[in-house]
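Remarks on the structure that follows.
Below, read A as the first sequence line, B as the second, and so on, with proteins coming before strands; counting in each chain starts at 1.
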Amino acid sequence: MSADDREQTLQKLAPDQYAGIFEKKEKKKTGLPDLPGVKDGVVMRFAPNPSGPLHLGHARAAFLNDEYIRRYGGRYILRIEDTDPKRVDPEAYDMVREDIAWMGLSISETIFQSDRFSLYYDIGKELIRRGGAYVCRCDNEAFRDLKMHKTACPCRSQSPEEAMDLFEQMLEGAFAEGEAGVRLKTDLTHPDPAMRDFPLFRVLTSTPHERVDAVVYPLMNLSVAADDHLLGMTHVIRGKDHIANTRRQEFIFRYMDWDIPVYRHYGRMGIEGVVLSTSQMRAGILSNEYSGWDDIRLGTLRAMARRGIQPEAVRNAVVEIGTGETDIQFSWENLFAKNKEIIDKDADRFFFVPDPVPVTIKGCRPVTAKAMRYPGDEARGYREIPFTGSVLLPADELASGADYFRLKDLFNIRIVREDGNLLGEYAGDDLQEARSRKAPIIQWLPEGWSHPCTLKRPEGDVSGVCEPEAVASPDTIVQFERVGFARIDGTGETAVAYFTHR
RNA sequence: GGGCCUGUGGUCUAGCUGGUUAUGACACCGCCUUUUCACGGCGGAGGUCCGGAGUUCGAAUCUCCGCGGGCCCA
């Protein structure tokens with residue numbers, strides 16, 4: 001019996017149950033899935049390290065949380081996680097602020113973890129008081145061995161009083177770096193060794209912190225758990241790489257009898273052809289491989305901004321990817337498509353002639369071409385481009401072997417090659433003629449009139465010329481016809497445009 | 001060494017409380033439109049739903065075993 005037959009038979013035999021069984025399950029997924037446990041509004045966070053500028057990986061976290069804040073209302077906390085001096089670049093504070101402004105997040109408040117060490121100490125003390133933590137003075141290697149064998153180290157048997165006393169000594173600077181740390185008592189027989197008595201605080205004196213005067217530093221699991229509770233976080237959305245941290249933090253929550261937020265972990269994201277690691281990018285900048293944090297070959301937000309990628313395009317792209325736990329390969333094509341949706345309607349069209357070759361055109365009086373700024377939209381007006389007898393044409397078009405062209409918005413020409421010299425002959429105004437000959441319709445510019453322009457692309461620069469109007473004002477996005485979109489960056493003697501995408 | 005997560009066309013994604021011609025987007029190809037290889041419209045190709053076994057009338061969906069990718073303790 002086919003599926004349809006069964007369905008029809010059942011409809012006859014048991015019409016009352018039929019509806020329930022074969023009910024069309026249709027739910028239009030619009031964007032992200034709902035979050036469980038939402039009461040009135042949510043409190044969520046974006047919590048970057050100030051170790052460098054923000055990149056696409058950060059944008060995913062930032063926008064995903066932002067989307068839920070928009071959906072449910074509530075508070076969106078920007079938490080600068082600067083407790084580890086080894087992962088703080090003083091210049092990054094400003095960069096992070098700028099990048100967040102660019103994204104347009106609806107941040108309701110900003111806090112710096114470096115301002116909150118005393119809160120972390122208080123929670124450390126409370127954990128000790130509750131018998132949940134001890135001061136471990138074992139050598140790291142030795143502890144690791146014990147841990148692997150599910151064996152307690154001698155320090156673990158401290159009474160809370162002893163532990164408290166030792167912690168106070170730590171805070172007063174009695175121990176050198178590496179000599180003492182605070183560990184949480186979890187479960188030494190936990191099948192996952194990553195859970196066994198993980199560290200909460202350490203002594204750190206070799207790397208000073210610009211904003212903190214301390215010898216005892218909280219480790220991220222302690223500071224993150226503390227702040228997630230103190231700031232009333234209801235939902236936490238972050239990468240899968242934090243799953244183990246989530247479990248560790250839950251140990252702290254349970255010791256302290258705190259309500260545990262709802263966690264969501266999305267998959268890892270690789271980006272084709274791009275290094276996302278801040279340290280690797282920094283190394284590349286120091287070695288002059290990259291021009292800076294906004295080098296267009298990098299995956300930083302400032303690099304994308306420079307290329308003319310719109311923040312909303314990034315938002316749309318990461319929302320489409322969603323919160324799935326599968327590891328994905330982010331594709332630029334995807335982002336470009338989103339970006340084009342946004343910029344196409346606003347970008348005026350202009351001519352850009354890459355690798356221009358001068359060609360004298362015989363047989364036509366000077367005329368002025370009128371070309372629409374935006375095809376089909378008279379209201380946006382026309383560009384007027386003078387033809388004075390000699391034009392610049394793209395080298396690759398001339399090299400293609402074709403000898404009959406339509407100069408867009410002008411007229412047809414025939415190319416004549418004489419002793420290695422290129423000459424053009426006027427070949428009539430008739431567009432239909434050009435079409436029937438399948439002549440390439442190409443961009444052109446008058447010599448002398450046009451503006452030198454370097455088009456910067458990740459694969460390399462292209463030098464050419466463009467219409468003066470195209471590079472009249474910086475930070476505009478134009479479409480160079482038959483080349484692609486570009487963001488005008490510099491308007492000097494030789495203008496600079498960054499290639500966005502086709 | 002241990003633990004955890006994950007595997008749907010090239011990329012992303014829906015479906016995953018079992019029954020669909022396996023959804024949509026991007027990319028690709030063709031046609032239409034068009035003084036751009038853009039935008040728009042129409043159409044097309046492209047999938048062993050990682051593999052195997054099992055449960056079932058029926059498995060992308062459930063179970064088990066493999067394999068691949070990723071992460072944590074490092």
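- Here the side chain of A/His149 pairs a donor or acceptor atom with the backbone of A/Asp145 at under 3.5 angstrom.
- With sequence neighbours excluded, no residue satisfies side-chain hydrogen bond (donor to acceptor under 3.5 Å, both in side chains) with A/Lys185.
- Electrostatic pairing of A/Asp489 and A/Lys456 does not count as a salt bridge here, judged by no charged N lying under 4.0 Å from a carboxylate O.
- Using a 4.0 Å heavy-atom criterion, one finds that A/Lys147 contacts the sugar-phosphate atoms exclusively.
- A/Arg144 comes within 4.0 angstrom of a nucleotide base, judged by non-hydrogen atoms across all strands.
- The salt bridge (charged side-chain N to carboxylate O under 4.0 Å, His left out) check on A/Asp430 picks up nothing, with sequence neighbours excluded.
- Residues of residues 362-397 of chain A having a heavy atom closer than 4.0 Å to RNA chain B, listed by number: A/Pro375, A/Glu397.
- For A/His235 and A/Tyr68, the distance between ring centers is not under 6.0 angstrom.
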Without placing hydrogens or testing angles, list every side-chain donor-acceptor pair under 3.5 Å for residues 466-474 of chain A, not counting sequence neighbours.
residue	atom	partner	partner atom	Å
A/Glu467	OE1	A/Arg383	NE	3.1
A/Glu467	OE2	A/Phe351	N	2.6
A/Glu467	OE2	A/Arg383	NE	3.2
A/Glu467	OE2	A/Arg383	NH2	2.7
A/Glu469	OE2	A/Arg373	NE	2.6
A/Glu469	OE2	A/Arg373	NH2	3.3

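- For the segment residues 260-274 of chain A, the set of residues with a heavy atom within less than 4.0 Å of an atom of RNA chain B comprises A/Arg268, in numerical order.
- The residue A/Arg349 sits close to a base: some heavy atom pair falls under 4.0 Å.
- A perpendicular orientation is assigned to the rings of A/His58 and A/Phe46, their planes being inclined by more than 60° (bins at 30° and 60°).
- Atoms CZ (A/Arg196) and P (B/C4) sit 11 Å apart, rounded to a whole Å.
- The stretch residues 306-334 of chain A touches RNA chain B through A/Glu320, A/Ile321, A/Glu325, A/Thr326, A/Asp327, A/Ile328, A/Gln329, A/Ser331, A/Glu333, A/Asn334, each having a heavy atom within less than 4.0 Å of the strand.
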